[in-house]
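A quick write-up on the structure given underneath.
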Amino acid sequence: MSNNNMKHILLSASIALAGTFVAKAQNPIVQTWYTSDPAPMVANDRIYVYTGHDEDKADFFWMYEWRVYSSSDMVNWTDHGSPLSLSSFSWADDRAWAAQTIERNGKYYWYICAHSKLTNGMAIGVAVGDSPTGPFHDALGKPLFDNGSWDNIDPTVFIDYDGQAWLFWGNPTINYAKLNEDMVSFKDDVRQVNQTVEGFGAPNMKERQKGVKYKDTYTEGPWILSRSITPTDKKGRKAKKAQQLYYLLYAAGGIPEHIAYSTAPSFEGPWTYRGEIMPQEDTKSFTNHCGVADFKGHSYFFYHTGKLPGGGGFGRSVAVEEFKWNDDGTFPTIHHTDEGVQPIGTLNPLVKQEAETMAWSTGVKTDQNSRTGVYVSEINNGDYIKVRQADFGTQGAKSFSASVASALQGGKIEIRLDSLEAKPVAVVDVPYTGGWENWQTVTATVRNADNGNVCGLHDIYFVFKGNKGAKLFNFDYWRFE
């Protein structure tokens, strides 16, 4: 067998394998960057996920910015870039670790932790913006809380049914305080949760005895929430009156971590340890960090793994699973999957869509600037983007247009439906445009196998072709007509 024939067979096998994996894969939900510590928030009929950003090839938690992604259907995620970084805080100089955003009175408050120049410890800060994607700025010009301790990490925030906002954070302690309605000051002193065997599976760190095997141990990454629960008795009869149940989810067990939780009649306790939610599994990451959100009648559990190529404990990636609450208000056991969640909506390909909206991608990155916003970059031969559940309707599409830019010879975009191996329904020629941000609109005719318009519901694959080994072009947005 000739070398050329062998290469052809190996290439065909790799494409088939990739096609099989892509058909199933939805986790991690972002493939362009390493993302960590997900914090979901629902606003304006979309779900937003605020993440950390692990640097490529890192050998520690080297993190310098936070990122935002959003979706209306849980499978196609739009990259909103990095609206907040260490440079947003004059007092911070390193370690842009876990954070969470919440809305109040039309403002969005983003609680972060970072290394403080002022005390040489970790500190809690807060930024504010007028939309879920900003722009954001430091709300105080100084930390919200900074006592020089390295415990001040992983803030989580929640506004209770009575309007009282709470902030929790800490490793290995659990610190908490009430926020004033301005969301940037404390109503009273910062306190610590007293960890007990009954409440968290083990006592406070300083009280743990060497050689004792505890049921569990709080480590870091708290997430707080509250739900209205109608209790049932042993015979399954529901009580006449609902009651609030308060939840504290957290990374537990030391290293490697799993996710556990405790509940209480109020955020001030007393807490009762409830067990594991996500057991420690082979996720390629020795840490975990969760966030929970209800969206369009579904409940979702966000977490991170190290399962992207090149990833690991310092190169993590956000993933999500759907779950159903138990009738008594407890969590089910949730296992990580590569398949992720099912779509709960469709995407309209007959309106302008940002190229950085994707369900899956291979090879590409995203970039941003103040003029263009976010766009897809680092496109090479063989890279692709997948979009799920595109509804072309009954009239269908007969043309396609895209905004592209290239400082070299450009390349091609092959548009395939439902499979990487499908015959292209359109091929777009991308020319030299005079620069990587000299945008030009290119078009192509769209025809299905019967030489008619493309109609109905399809997954779309944008497959990029061109000179091997070279960056081909940048991709800003697209539309079928």
Side-chain angles (χ1 to χ4, degrees), residues 11 14-15 18-19 22-23 31-32 76-79 347-368 372-392 396-449 451-455 457-481:
L11 180 60
S14 65
I15 290 173
V22 169
Q31 306 84 42
T32 49
N76 296 302
W77 291 90
T78 300
D79 185 341
L347 181 139
N348 184 357
L350 305 177
V351 300
K352 177 184 173 183
Q353 295 287 350
E354 298 296 331
E356 63 272 16
T357 296
M358 56 188 80
W360 193 263
S361 68
T362 293
V364 302
K365 293 284 192 180
T366 58
D367 209 338
Q368 69 185 100
T372 305
V374 181
Y375 57 89
V376 176
S377 62
E378 300 304 321
I379 295 172
N380 287 268
N381 179 64
D383 294 345
Y384 67 87
I385 292 171
K386 176 186 177 183
V387 174
R388 292 183 68 181
Q389 294 286 99
D391 190 352
F392 289 90
K398 54 186 177 182
S399 67
F400 172 83
S401 61
S403 177
V404 295
S406 179
L408 295 174
Q409 289 97 338
K412 296 180 183 295
I413 305 175
E414 295 181 353
I415 300 170
R416 307 179 184 211
L417 301 181
D418 303 318
S419 170
L420 270 175
E421 299 175 337
K423 182 180 179 181
V425 297
V427 178
V428 182
D429 289 316
V430 178
Y432 163 74
T433 66
W436 294 119
E437 293 186 15
N438 287 349
W439 299 101
Q440 182 174 320
T441 301
V442 293
T443 61
T445 300
V446 176
R447 287 289 182 265
N448 64 19
N451 206 34
N453 294 351
V454 171
C455 301
L457 199 63
H458 296 279
D459 293 345
I460 305 171
Y461 292 83
F462 300 103
V463 183
F464 308 116
K465 300 291 185 178
N467 291 337
K468 295 180 180 179
K471 176 179 174 179
L472 302 180
F473 50 87
N474 292 331
F475 187 13
D476 189 19
Y477 59 84
W478 56 268
R479 178 179 182 174
F480 289 86
E481 297 185 31

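This structure is a prediction, so every number in the text was calculated from the model and none was measured.
Checked against side chain to side chain contact (heavy atoms under 4.5 Å, CB included), Ala405 has the following partners two or more places apart in sequence or in another chain: Thr433, Trp439. Scored by the side chain to side chain donor-acceptor pair (under 3.5 Å) test, Lys365 finds Asp56 as partners (sequence neighbours excluded). Checked against side chain to side chain donor-acceptor pair (under 3.5 Å), Asn438 has no partners two or more places apart in sequence or in another chain. Residues passing the side chain to side chain donor-acceptor pair (under 3.5 Å) test with Asp79, sequence neighbours excluded: Arg67, Thr366. Take Thr357 and apply the side chain to side chain donor-acceptor pair (under 3.5 Å) test, not counting sequence neighbours, and it matches Thr78. Not counting sequence neighbours, the partners of Ser406 by the side chain to side chain contact (heavy atoms under 4.5 Å, CB included) test are Leu408, Trp436, Phe473.
A distance of 13.0 Å separates CD1 in Ile460 from CE in Met358, rounded to the nearest 0.5 Å. Atom-to-atom distance recorded for Tyr461:OH and Thr362:OG1 is 10.0 Å, nearest 0.5 angstrom. Atom OG of Ser361 is separated from atom CD of Glu356 by 12.0 Å, given to the nearest 0.5 angstrom. From Phe392, atom CZ reaches atom CG of Leu417 across 6.0 Å, with rounding to the nearest 0.5 Å.
Looking only at side-chain heavy atoms (C-beta outward), Val387 and Leu347 come within less than 4.5 Å of each other. In this structure, Leu420 and Tyr384 have side chains that are in contact, with non-hydrogen atoms separated by less than 4.5 Å. Proximity of Ile385 to Val376: side-chain heavy atoms (C-beta onward) are separated by under 4.5 Å at one or more points.
Ring geometry for Phe464 against Phe475 counts as perpendicular: the plane angle is over 60°, on a 0 to 90° scale with 30° as the lower cut.
Among residues at least two apart or in separate chains, salt bridge (charged side-chain N to carboxylate O under 4.0 Å, His left out) pairs with a member in residues 436-446 are Arg371-Glu437. Identified under the salt bridge (charged side-chain N to carboxylate O under 4.0 Å, His left out) test for residues 396-416, with sequence neighbours left out: Lys412-Asp429, Glu414-Arg416. Judged as a salt bridge (charged side-chain N to carboxylate O under 4.0 Å, His left out), not a single pair has a partner in residues 468-481 (not counting sequence neighbours).
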One pair to check against side chain to side chain contact (heavy atoms under 4.5 Å, CB included): Thr32 and Trp77. What are the steps and the verdict? CA-CA 11 Å; Thr32 49; Trp77 291 90; over 6 Å; no
Worked check of side chain to side chain contact (heavy atoms under 4.5 Å, CB included) between Gln353 and Val351: CA-CA 6 Å; Gln353 295 287 350; Val351 300; 3.7 Å; yes
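Residues Glu354 and Trp478 approach most closely at O-NE1, 4.0 Å, considering heavy atoms. The heavy-atom pair separating Leu472 from Asn381 by the smallest distance is CD1-N, 3.6 Å.
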